[in-house]
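Worksheet: the structure to be examined is printed underneath.
Atoms within each ligand, like the ligands themselves, are counted from 1 in listed order. Computed from a predicted model, the values in this text were never measured in an experiment. The first residue of the sequence shown is numbered 1, and numbering continues consecutively from there.
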Amino acid sequence: MSPAEQPTTPMKLAVVGAAGRMGQTLIRVIHATPGAILAGAIERPGSPHIGSDAGDLAGVGNLGVSITDDAAAAFAGVEGVLDFTTPAASVAFAELAAQARIVHVIGTTGCTSEDEVKIAAAARHAVVIKSGNMSLGVNLLAVLVKQAARALGADDFDIEILEMHHKHKVDAPSGTALLLGEAAAEGRDIGLGQHSVLVRDGHTGARENGTIGFAALRGGSVVGDHSVILAGQGERITLSHHAEDRTIFARGAVKAALWGRSRKPGLYSMADVLGLNQ
Ligand SMILES: NC(=O)C1=CN([C@@H]2O[C@H](COP(=O)(O)OP(=O)(O)OC[C@H]3O[C@@H](n4cnc5c(N)ncnc54)[C@H](OP(=O)(O)O)[C@@H]3O)[C@@H](O)[C@H]2O)C=CC1
Ligand SMILES: O=C(O)C1=N[C@H](C(=O)O)C[C@H](O)C1
């Protein structure tokens, strides 16, 4: 799209899971972004927040956007939806967003391979941007992890991924840990599914060469810490990212929606949005 063809009106966005930790952060970031405007806010049927004003709930004052449980009606009035909810909800929203032909930005983690297939099917009809982490820092870290894993071979360096999150998080390993694991596996030209060690307990035996291990810690209010450790004989390299504020994910999600406005239907990643795949 040439500069002359760039849309001049702010992009109308809806937030699903509007009352959640990320939902409220997204509402604040949309409110602070000149090229975007909140035009829909959705919560699950039965939520005590139905009917409340989304801006009031997020602490930015009344925005005239009532929280509704009618996603289909809300999607009819927007160009994009930001979705940090649950796997089952994101699959359902993907179908609705595809029917409405609107951009669907999915940050939800913990999706099964069956969920991923359904989301990919929806992406045949609409732009879907999905990533286990929407921050610039983590997506750059993934590039560095891929390079390090390629440079430091499996005979000499073991890869372990450690993550810590707040005590409310329900899935493990985190979407980010898996994203970083995928980057390491790509660097080694191996499949993560066949080489990951997700749990260690009891008499595990010695570590198998070429595996990628995961460990998850949960506690307190930690927003998201990730370290990829490349452990060799007598030396260790640690590549880390520490999220201090959920705003980094929300800024990435809004950027993704604006980027997606001028794309053809398809399934994209945050690396595509940030130009890190070139
Ligand atoms: N990719 C990324 O960069 C990031 C991803 N995440 C991921 O985002 C997801 C949400 O995280 P977080 O905000 O902390 O979680 P929360 O539990 O705080 O928020 C989720 C919200 O979604 C709502 N919800 C659930 N089902 C539906 C539905 N069917 N329709 C509408 N709303 C629904 C929940 O409502 P209720 O509580 O009433 O069930 C809740 O308000 C997680 O999977 C997390 O891992 C988080 C941060 C960054
Ligand atoms: O649940 C969270 O909070 C987060 N989830 C994402 C993940 O699973 O990696 C991203 C971020 O780390 C916060």
Please state which option from [options] has its nearest heavy atom closest to [atom].
atom	options	answer
atom 7 (C) of ligand 1	G252, G107, S135	G107
atom 7 (C) of ligand 2	P173, G224, G175	G175
atom 31 (C) of ligand 1	M134, R44, R246	R44
atom 11 (C) of ligand 2	H166, H165, H168	H165

Looking at [atom], what's its closest protein heavy atom, distance included?
atom	result
atom 1 (O) of ligand 2	K169 NZ, 2.9 Å
atom 6 (C) of ligand 2	G132 O, 3.6 Å
atom 15 (O) of ligand 1	R21 NH2, 3.6 Å
atom 45 (O) of ligand 1	T109 OG1, 2.5 Å
atom 9 (O) of ligand 2	T176 OG1, 2.5 Å
atom 20 (C) of ligand 1	F84 O, 3.7 Å

Next item on the list: Anything under 30° is parallel, anything over 60° is perpendicular, the rest tilted; go ahead and classify F75 against F93.
Entry: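 F75 and F93: tilted rings.
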Item checked: Stepwise side-chain contact (heavy atoms from CB on, under 4.5 Å) test for S47 and I67 -> CA-CA 10 Å; S47 164; I67 299 180; 5.9 Å; no
Contact atoms of ligand 1, heavy-atom distance to [X] under 4.0 Å:
X	value
G17	21 (C), 22 (O), 23 (C), 32 (N)
M22	13 (O), 46 (C), 47 (C)
T108	43 (O)
N133	1 (N), 2 (C), 3 (O)
F93	30 (N), 31 (C)

Checklist line | S174 neighbourhood, listing ligand 2 atoms whose heavy-atom distance to it stays under 4.0 Å | finding: 7 (C), 8 (O), 9 (O)
For ligand 1 and [X], I'd like to know whether there is a polar contact (N/O to N/O, distance under 3.5 Å).
X	result
G132	yes
H166	no
A19	no

Next item on the list: Could you tell me whether the side chain of L144 reaches within less than 4.5 Å of the side chain of Q147, counting heavy atoms only?
Entry: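 Result yes, sub-4.5 Å side-chain heavy-atom pair found.
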Next item on the list: May I ask you to check whether T68 and D70 show a side-chain donor-acceptor distance below 3.5 Å?
Entry: no
Notebook entry, point to check: Do side-chain atoms of R263 reach the backbone of W259 as a donor and acceptor pair under 3.5 angstrom?
Noted result: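 Pair found, side chain donor or acceptor close to backbone of W259.
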Notebook entry, point to check: Counting N and O atoms only, with roles assigned by atom type, does the side chain of S269 sit under 3.5 Å from a partner on the main chain of A271, one being a donor and the other an acceptor?
Noted result: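 Yes, S269 side chain to A271 backbone: donor-acceptor pair under 3.5 Å.
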Next item on the list: For the pair R207 and E160, find out whether any cationic side-chain nitrogen is under 4.0 Å from an anionic carboxylate oxygen.
Entry: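 Salt bridge: yes.
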Checklist line | Sidechain N-carboxylate O distance under 4.0 Å for K130, E116 | finding: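 Counted as a salt bridge, because a side-chain N and a carboxylate O are separated by less than 4.0 Å.
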Heavy-atom contact under 4.0 Å between [X] and ligand 1?
X	answer
K169	yes
G175	no
V16	no

Checklist line | Polar proximity ligand 2 side, R246 side, N/O cut 3.5 Å exclusive | finding: no
Notebook entry, point to check: Atom NZ of K12 and atom CD of E79: how far apart are they, to the nearest 0.5 Å?
Noted result: 7.0 Å
Next item on the list: Select one of side chain, backbone, both or neither to describe which atoms of S131 lie under 4.0 Å from any atom of ligand 1, heavy atoms only.
Entry: backbone
Note to self: With side chain to side chain donor-acceptor pair (under 3.5 Å) as the test, pick out the partner of D225 among H241, H242, H165.
What the structure shows: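 For D225, the side chain to side chain donor-acceptor pair (under 3.5 Å) test succeeds with only one of H241, H242, H165, which is H242.
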Item checked: Residue portion contacting ligand 2 (non-hydrogen atoms closer than 4.0 Å) for V223 ->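 For V223, the contact with ligand 2 is made by the backbone alone.
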Check: Counting heavy atoms only, which part of M22 comes closer than 4.0 Å to ligand 2: side chain, backbone, both or neither?
Finding: neither
Notebook entry, point to check: Does the protein put a heavy atom less than 4.0 Å from atom 37 (O) of ligand 1?
Noted result: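 When distances to the protein are checked, atom 37 (O) of ligand 1 has no heavy atom within 4.0 Å.
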